[in-house]
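Note that the structure is predicted; figures quoted are calculated from it, not measured. Chain identifiers are assigned alphabetically (A, B, ...) following the order of the sequence lines, protein sequences preceding nucleic acid strands; residue numbering begins at 1 within each chain.
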Protein chains: 2
Amino acid sequence: MKRKRLEADPCPVARSLDAIGDWWSLMIIRDAFDGLSRFGEFQKSLGLAKNILAARLRTLTERGILAVEPGAEGGAYHHYVLTEKGRGLFLVMVALRQWGEATFYAPGEPHSTLRDTQTGDEVRRLTLYSADGRALRAGDAVVRKV
Amino acid sequence: MKRKRLEADPCPVARSLDAIGDWWSLMIIRDAFDGLSRFGEFQKSLGLAKNILAARLRTLTERGILAVEPGAEGGAYHHYVLTEKGRGLFLVMVALRQWGEATFYAPGEPHSTLRDTQTGDEVRRLTLYSADGRALRAGDAVVRKV
DNA sequence: CCGTATCCATTCCGATACTG
DNA sequence: CAGTATCGGAATGGATACGG
């Protein structure tokens, strides 16, 4: 899966992608945010081979993004749940979702939506703000190398 | 690169990942946001094989995320620049960056930073808001299937 | 139901050589 | 400098069979 270890890269984007930047890992994390936690649930949802799923769950666990918890009701089988670090990927998922909504769907074409738990309304679009509160767009911010 | 086409998937996250959810594509897009545009610039920055880079640039162009522009000063060689669709990935990159900053760096460890072009200050942390203006965290929003 | 192990086809990726 | 062509090793991914 890895071309080269980038754990020491000075760019946070590179380190993030080093940890979760492959297709199946991102899809597993998406499903985990949707509440899936069991091996079979992921497999059914994603339709990938079991050996691949097992490998991905293992590396995600090793990297502290998922954690293994004992089965709830005395069941023999355990659950894979997002850790605090894993839940930190929430906004990455939201950003991917909103880009997909804006880019790949014709007006009126149905798709799943992200909704406020309290009210059931759709959430707002993500916005980046400057320190003094101006909304920033792609050209309004630049990366400063270390 | 593709296990299965998910262009028709009802989940926007899946469609997004289908388009850009591999490691090198994300890194190329990162560099494109940093202003790189020439073949050799990407190759030097990323250190990947030229055939792989050529293949990625081709698919990103086919998918409308990058566009080929003629060389600026009458130069023979063209540039790869983000399209409007590609610039829409700005918040995805910001989210990946902020997660990486929070997750992989020890306090005080230096890393590149994202700064407001006008003031030079670091940008705020991304925040998701509900329709009525409450800040939402991971558990406060759920995906409603179509 | 949850995984591991194995086999096999495909793809990825790096390195190199070659053309314009 | 900007690619294309090719080769070989490694990893991916699907399918299946097997044990807890």
What closest approach, in Å, do A/T113 and A/E101 show between heavy atoms, and which atom pair accounts for it? CA-OE2, 4.4 Å
Roughly how far, to the nearest 0.5 Å, is CG of B/L82 from CD1 of B/I28? 11.0 Å
If I take atom [atom1] in residue [X] and atom [atom2] in nucleotide [N], what distance separates them, rounded to the nearest angstrom?
{"X": "A/F39", "N": "D/dG20", "atom1": "CZ", "atom2": "P", "answer": "17 Å"}
{"X": "A/R58", "N": "C/dT4", "atom1": "CZ", "atom2": "C1'", "answer": "9 Å"}
{"X": "B/Q43", "N": "C/dT16", "atom1": "CD", "atom2": "P", "answer": "13 Å"}
{"X": "B/R56", "N": "C/dC13", "atom1": "CZ", "atom2": "C1'", "answer": "9 Å"}
{"X": "B/I52", "N": "C/dT16", "atom1": "CD1", "atom2": "C1'", "answer": "14 Å"}
{"X": "B/L46", "N": "D/dA2", "atom1": "CG", "atom2": "P", "answer": "14 Å"}
{"X": "A/W23", "N": "D/dT12", "atom1": "CH2", "atom2": "P", "answer": "15 Å"}
{"X": "A/D22", "N": "D/dA10", "atom1": "CG", "atom2": "C1'", "answer": "16 Å"}

Nearest of [options] to any side-chain atom of [X]?
{"X": "B/K50", "options": "C/dC1, D/dC1, C/dA17", "value": "C/dA17"}
{"X": "A/R38", "options": "D/dG14, C/dC2, C/dC13", "value": "C/dC2"}
{"X": "A/L48", "options": "C/dC1, C/dA17, D/dG14", "value": "D/dG14"}

Using only modelled atom types and a 3.5 angstrom limit, is any donor from either the side chain of B/N51 or the base of C/dG14 paired with an acceptor on the other?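 Flag set: donor-acceptor pair detected.
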Could you tell me whether A/R134 and A/D140 have a side-chain N and a carboxylate O separated by less than 4.0 Å?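 Answer for the salt bridge query: no.
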NA contact type, B/Y80, heavy-atom cut-off 4.0 Å: base, sugar-phosphate, or nothing?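 Counting heavy atoms under 4.0 Å across all strands, the contact made by B/Y80 is with sugar-phosphate only.
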Give one of base, sugar-phosphate or nothing for A/A49, where a contact means two heavy atoms less than 4.0 Å apart. base
Go through it in stages, so that I can follow the logic: the residues are A/R30 and A/S45, the test is side chain to side chain contact (heavy atoms under 4.5 Å, CB included), and I'd like the CA-CA distance, side-chain angles, deciding distance and then a yes or no. CA-CA 11 Å; A/R30 180 201 67 164; A/S45 166; 4.0 Å; yes
Once side chain to side chain donor-acceptor pair (under 3.5 Å) is applied, do any residues pair with B/E84, and if so which ones, sequence neighbours excluded? B/R87
Any side-chain donor near an acceptor of the partner, A/T103 and B/R15, under 3.5 Å: no
Would one find a side-chain N or O of A/W24 under 4.0 angstrom from OP1 or OP2 of D/dT12?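 Indeed not, no polar side-chain atom of A/W24 lies that close.
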So what's the dot-bracket for DNA chain D: Watson-Crick or G-U pairs under 3.5 Å, [ ] if a pair crosses, | if it pairs off-strand? ||||||||||||||||||..
Assign the ring pair A/F33 / A/F90 to parallel, tilted or perpendicular, where the plane angle (0 to 90°) is split at 30° and 60°.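 Judged by the thresholds at 30° and 60°, the geometry between A/F33 and A/F90 is tilted.
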